[in-house]
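This report concerns only the one structure given below.
A, B, ... follow the sequence lines: proteins, then strands. Residue 1 opens every chain.
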Number of protein chains: 2
Amino acid sequence: MQASDPGSAVSTTQTSLEVLETLCELDGARVTTVADRLDVAKSTAHKHLRTLEECGYLRKEGNRYHIGLRFLHFGEYARRRWPGFECIQNAVSSLTEETEEEVDFVAEDHGRILTIVESYHKWVKYTGGRDESQYRARIGTYYYMHATATGKAILAAYPTGRVEETVDRWGLPAKTDRTITDREALFEELSAIRADGYAVDDEEYTDGLRSVGKAVRAPDGSVLGALSVSGPTYRIDGAVLEREIPAALDRAVEELESEIAERGAY
Amino acid sequence: MQASDPGSAVSTTQTSLEVLETLCELDGARVTTVADRLDVAKSTAHKHLRTLEECGYLRKEGNRYHIGLRFLHFGEYARRRWPGFECIQNAVSSLTEETEEEVDFVAEDHGRILTIVESYHKWVKYTGGRDESQYRARIGTYYYMHATATGKAILAAYPTGRVEETVDRWGLPAKTDRTITDREALFEELSAIRADGYAVDDEEYTDGLRSVGKAVRAPDGSVLGALSVSGPTYRIDGAVLEREIPAALDRAVEELESEIAERGAY
DNA sequence: TTAAAAGTTTGGCTATATCGAACGGGAATC
DNA sequence: GATTCCCGTTCGATATAGCCAAACTTTTAA
């Protein structure tokens, strides 16, 4: 949200957006709850909710308002028009087959990353265990860049200034006790990643979960996002962690990049 | 959009929403284009675009603005919290295996329907043909209810008043020359559907495509959405159309409904 | 180099978003 | 079953801020 320069922005629109964010965070809410949380008059909250509902963006269940499916339309649209989307889907799917682990493609959005394409090997799907599913990346979920393999891989491909901006905006909050929370340490990590060609998240976002990530570039050299392979620490270890997955990632990214270049699909 | 009762709604928010809709329709646009289309001053369009961009909801590429990935967050959230979502996924997936055709689950949203879960049999996926993919339902795409099997199945489960409302709001636009465009004819069709227990879309939305759809109900009797099986007219024909698919749908819906009831997952 | 068109900024006017209070309905309490 | 409380909704007044038009700047095209 943050209204960087007051006066330059439409504050009413900001309020409406804050209403939406509140509904998402609280998993639906009533007029009074929204009013209290945003510190606006009850009537104001009511009017915003009513407007959004009448325009088809919210669902009203009794007197609780919920985020509507209309956003799925925008969201899927944005997802599908991502440069190289179809190639990315193929790349993610074949890398899953190869590694038999979860594979994600993430994109940067305003200083954070979010998963655009995900895939996990079949047997993982059918375990149906709650413990597996809580690890799994979900499409549309935002992550901090400094605490994920993909995020660090992307940061490592950015000029220093842009990294600074990102850290200034989002800070370096700790997700586990292994998260990098120090600016210096982050920059050292980033140059190590540039040297290695890939990034590792060693339980820096979720305990028990390791990921290996690598940035994907468009033909013009700009960063499209990053590809990653993730799994529990007991499987992602030793030679798998240090040689197999990085090698598979290298091949996958190279192939993806050349496919995108060929098809001009971006 | 439509501002039913002026004064009761926040018009500034409506303008912002119209900006978003314009960007989605035009696949990105510039300040002047948006201003012309919405018939507002250039500075107004600019301010809205800037606000949405600064809040992280739009991406600015050069001087074109695009719908941002932020909406994917809301969209996926809304999708996943749909009553019985996990059960629906399983139902769709196993019905695809059984019928070897495309299966969709759609939900109603403000008088139209949109696909929430889709699945298609593997070999269809790998043909990769453009002609197949243009038929395919896409998550987040809206359809008119009167012109689809799922939509008609849902309408048939609604009281007459609600059907009237829907038709009043969205009309009966023709998508092909087989689309029902007459109010009387629609009501006759709906009572036939109630008698049969399922609905058929015989090239009423897309030429060459037939679908069979059936409404899915929550334990309390309310309509959750509808399940459908779709395919090209040369495959969805004869006994397949009249007996096999309806029977498979019946079983699938019954199983889905009882699973939802059991798990209380709604 | 010039001209035209688009993006951005500014300031004034007026519409309108906001607030607070009052109304009305529904549920829980006694 | 009456009362009380809480919440959603409506209403009116005020001041805010969204809107427009015009000026200014930058970019693109000629």
Send over the distance from [X] [atom1] to [N] [atom2], rounded to a whole Å.
X       : N      : atom1 : atom2 : answer
B:Asp39 : D:dC19 : CG    : P     : 13 Å
B:Gln14 : C:dT16 : CD    : P     : 11 Å
A:Leu17 : C:dA17 : CG    : C1'   : 16 Å
B:Arg64 : C:dA6  : CZ    : C1'   : 14 Å
B:Glu18 : D:dC19 : CD    : C1'   : 14 Å
A:His48 : C:dC19 : NE2   : C1'   : 12 Å
B:Leu38 : D:dC19 : CG    : P     : 11 Å

Quiz item: Heavy atoms, side chains only, cut-off 4.5 Å: are B:Leu58 and B:His66 in contact?
Solution: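 B:Leu58 does not reach B:His66 side chain to side chain.
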
Practice problem: Determine whether A:Thr51 and A:Tyr57 make a side-chain contact, defined as any pair of heavy atoms from C-beta on separated by less than 4.5 Å. | Solution: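 Sidechains of A:Tyr57 and A:Thr51: no contact.
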
Quiz item: With sequence neighbours excluded, what pairs up with A:Tyr144 under the ring pair (Phe, Tyr, Trp, His ring centres under 6.0 Å) test?
Solution: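 Listed in chain order: A:His146.
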
Practice problem: Write out all pairs satisfying salt bridge (Lys or Arg N to Asp or Glu O under 4.0 Å) with one or both partners inside residues 105-116 of chain B, taking only residues at least two apart or from two chains. | Solution: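 As it turns out, the salt bridge (Lys or Arg N to Asp or Glu O under 4.0 Å) pairs with a partner in residues 105-116 of chain B, which skip direct neighbours, are B:Glu108-B:Arg162.
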
Quiz item: Taking only residues two or more places apart in sequence, or in another chain, which ones meet B:His110 in a side-chain hydrogen bond (donor to acceptor under 3.5 Å, both in side chains)?
Solution: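 Counting only residues at least two positions away or on another chain, B:His110 forms no side-chain hydrogen bond (donor to acceptor under 3.5 Å, both in side chains).
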
Sort me out a list of protein N/O and nucleotides 7-10 of chain D N/O pairs below 3.5 Å, or just none if empty.
residue: D:dG8; atom: OP2; partner: A:Thr32; partner atom: N; Å: 3.0
residue: D:dG8; atom: OP2; partner: A:Thr32; partner atom: OG1; Å: 2.2
residue: D:dG8; atom: N7; partner: A:Lys42; partner atom: NZ; Å: 3.1
residue: D:dG8; atom: O6; partner: A:Lys42; partner atom: NZ; Å: 3.2
residue: D:dT9; atom: OP1; partner: A:Lys60; partner atom: NZ; Å: 2.8
residue: D:dT9; atom: OP2; partner: A:His46; partner atom: NE2; Å: 3.0
residue: D:dT9; atom: O5'; partner: A:His46; partner atom: NE2; Å: 3.3
residue: D:dT10; atom: OP2; partner: A:Arg50; partner atom: NH2; Å: 2.3

Self-check item: Quiz item: cation-pi between B:Arg80 and B:Phe85, 6.0 Å / 45°
Solution: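 Checked: cation-pi criterion not met.
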
Self-check item: Contact under 4.0 Å: A:Thr44 side-chain N or O vs C:dC19 OP1/OP2
Solution: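 Yes, because at least one side-chain N or O of A:Thr44 sits under 4.0 Å from OP1 or OP2 of C:dC19.
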
Quiz item: Quick one: is A:Thr12 getting a side-chain N or O under 4.0 Å of the D:dG18 phosphate, OP1 or OP2?
Solution: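 So the side chain of A:Thr12 is within the cut-off, an N or O lying under 4.0 Å from OP1 or OP2 of D:dG18.
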
Practice problem: Without swapping roles, check the side chain of A:Tyr158 against the backbone of A:Glu164 for a donor-acceptor pair under 3.5 Å. | Solution: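 No; zero donor-acceptor contacts below 3.5 Å.
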
Practice problem: From the options A:Arg79, A:Arg81, A:His73, select the one residue that forms a side-chain contact (heavy atoms from CB on, under 4.5 Å) with A:Tyr77. | Solution: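 Passing option: A:Arg81.
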
Quiz item: Can you name the salt bridge (charged side-chain N to carboxylate O under 4.0 Å, His left out) partners of A:Glu25, sequence neighbours left out?
Solution: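 Expected list: A:Arg37.
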
Write down the protein N/O and nucleotide N/O pairs, taken from nucleotides 14-16 of chain D, whose separation is under 3.5 Å; answer none if there are no such pairs.
none

